[in-house]
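Contents: one structure, followed by commentary.
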There are 2 protein chains.
Amino acid sequence: MDRARRPTADGDRRRGEHDKRRPATGMDRASVASVTRLSSYYRILEEFERDSLATTSSTTLARRAGVTPAQVRKDLSFFGNFGRRGLGYNVSLLRAQIGKILGLGHRWSVALLGAGNLGHALFAYKEFEKQGFYIEHVFDADPSKVGKSWAGVRIRDIGELQSTHAHPIHIAILAVPVSAAQTVVARAITAGIRAILNFTPAQLDVPDGVIVRNVDLAIAMESLSFALVK
Amino acid sequence: MDRARRPTADGDRRRGEHDKRRPATGMDRASVASVTRLSSYYRILEEFERDSLATTSSTTLARRAGVTPAQVRKDLSFFGNFGRRGLGYNVSLLRAQIGKILGLGHRWSVALLGAGNLGHALFAYKEFEKQGFYIEHVFDADPSKVGKSWAGVRIRDIGELQSTHAHPIHIAILAVPVSAAQTVVARAITAGIRAILNFTPAQLDVPDGVIVRNVDLAIAMESLSFALVK
DNA sequence: AGATGTGAAAGTTTTCACAGCC
DNA sequence: GGCTGTGAAAACTTTCACATCT
């Protein structure tokens, strides 16, 4: 099978791999780093909106996000012209536009794979629902967990992942032991899931068209110890 | 106070900010991305060692890590010449050398700030101790939690963070509510902590010389929804 | 032959600097 | 004067390709 070739260790992925020769839009030109920054602008704008600020500028936004004003403008320019020269940006309009870019208008159905400690913490994590990510399915392999419920969601056997679901599952959160990671991911893909947030240290092997973002906690820690020791 | 200027939203940081005009060593030339990859090579080498492989090559390592062989060699070249031309790398030697680069020889003393759901999951996360990160302190502001113990570690009031400690705390894991993030971080810094793994969505304001790595779970999720919707 | 280590080339991202608009 | 949007320059990262060693 033809498999994705080159995800960076921390979950980035180069672009331009399977261009269909459409004219390049902002979608294609913006890097993962740029999209990550959009998320942080979005958070800041939510806050500005709560504080009833009507307008803002790339300078203000940049200071809060810890980047340069030029970077803010460049990031936004990949997707359109959202500001007005001389005036800046309308806070709620810009927030809405970024939200649309990030796909935050949708209600995303998420499956949690692995109901251990980490799985439970992620299940309880409030920020996900705020942004439209609903963990509506929980799967685990441990018979002592299967059948129990978390906040009304029944934990089902991981084998049931591939059974037909009334509604499609958009995203899987992978929080199983590293030894089970590849097997479980293969099942998720068979079940039609095309986006995976991977909390295991495993380097997942997925077919083209499936998106993986790695959150490796130990690696993040090691980048700190590297900085401390250097 | 003079403050750190430009961490990228996902925790990267440009180099070359306060060069002391020493000749550039690998430590300075290697990017955060490169160090992240070193961590993943380290994991793979541990596995090779368990499988009793004596030697390996940049090609083998690269395939497993999902990068190119040239990248493996370049990453390593920032820190030294660990291989032998024509022969490849000695698995255990290379693992040891990378471990040293990453500061994995040490026993790092870690304080967990915030004993909520996420904090508990991180406390229980096995990979940390395997790499030398020991969560020896847990702090929380909630009086109903203070005084309880997790696996022999007593949860203390966050106010005690600044009391003198017999042994220094090297790293703080920040898992408090976002509203408390900046206050708690200021205390951690007063207590002498210079490295922070930040699980809150807050953009932390820290003095120069303090290292922050952000793990923003909602942002990781948003980068998936962006890819799904585009 | 087979592999590393590394300058140089290619590619990507960030910053600069300024035209254009309010 | 203030601020955006953007080509061009600078900086940085990855890949190439080959000298060098076993």
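Because the structure is a prediction, the values reported are computed rather than measured.
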Legend entry - Name of the residue among A/Leu112, A/Val176, A/Leu113 meeting side-chain contact (heavy atoms from CB on, under 4.5 Å) with A/Phe139: A/Leu113
Legend entry - Criterion side-chain contact (heavy atoms from CB on, under 4.5 Å) against A/Phe123, the qualifying member of A/Val110, A/Ile135, A/Ile173: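 So the option named by the test is A/Ile135.
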Just the rounded figure in Å: distance from [atom2] of [N] to [atom1] of [X].
| X | N | atom1 | atom2 | answer |
| --- | --- | --- | --- | --- |
| A/Leu61 | D/dC3 | CG | C1' | 13 Å |
| B/Arg84 | C/dA3 | CZ | C1' | 12 Å |
| B/Arg37 | D/dT14 | CZ | C1' | 8 Å |
| B/Gln71 | D/dC12 | CD | P | 17 Å |
| A/Phe82 | C/dC22 | CZ | C1' | 20 Å |
| A/Asn81 | C/dG20 | CG | P | 15 Å |
| B/Tyr89 | D/dC21 | OH | P | 16 Å |
| A/Leu94 | D/dC3 | CG | P | 16 Å |

Legend entry - Selected nucleotide, minimal atom distance to B/Ser77 side chain, candidates C/dG5, C/dT15, C/dG7: C/dG5
Inset, instruction - By nearest nucleotide on DNA chain D, pick out whichever of A/Gly80 and B/Leu87 is the more 5' one. - result: A/Gly80
Inset, instruction - Evaluate whether atom CZ of B/Arg95 has more than 12 neighbouring non-hydrogen atoms of other residues, nucleotides or ligands under 6.0 angstrom away. - result: yes
Legend entry - Under-4.0 Å side-chain N/O to phosphate OP1/OP2 contact, A/Thr68 with C/dT15: yes
Inset, instruction - Describe the nucleic acid contact of A/Ser58 in one word from base, sugar-phosphate, nothing, applying a heavy-atom distance below 4.0 Å. - result: sugar-phosphate
Legend entry - Exercise: identify the closest heavy-atom pair between B/Ala175 and B/Leu122: CB-CD1, 4.4 Å
Inset, instruction - Kindly say whether, by distance alone, the side chain of B/Arg73 makes a donor-acceptor pair under 3.5 Å with the base of C/dG5? - result: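 Answer yes: a donor N or O sits under 3.5 Å from an acceptor.
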Inset, instruction - Report the C-alpha distance between A/Trp108 and B/Leu228 in whole Å, list the side-chain angles of each, state the deciding distance to 0.1 Å, and finish with yes or no for side chain to side chain contact (heavy atoms under 4.5 Å, CB included). - result: CA-CA 10 Å; A/Trp108 298 104; B/Leu228 285 175; 3.7 Å; yes
Inset, instruction - Could you say whether B/Gly86 or A/Arg85 is positioned toward the 5' end of DNA chain C, judged by the nucleotide with the nearest heavy atom to each? - result: B/Gly86
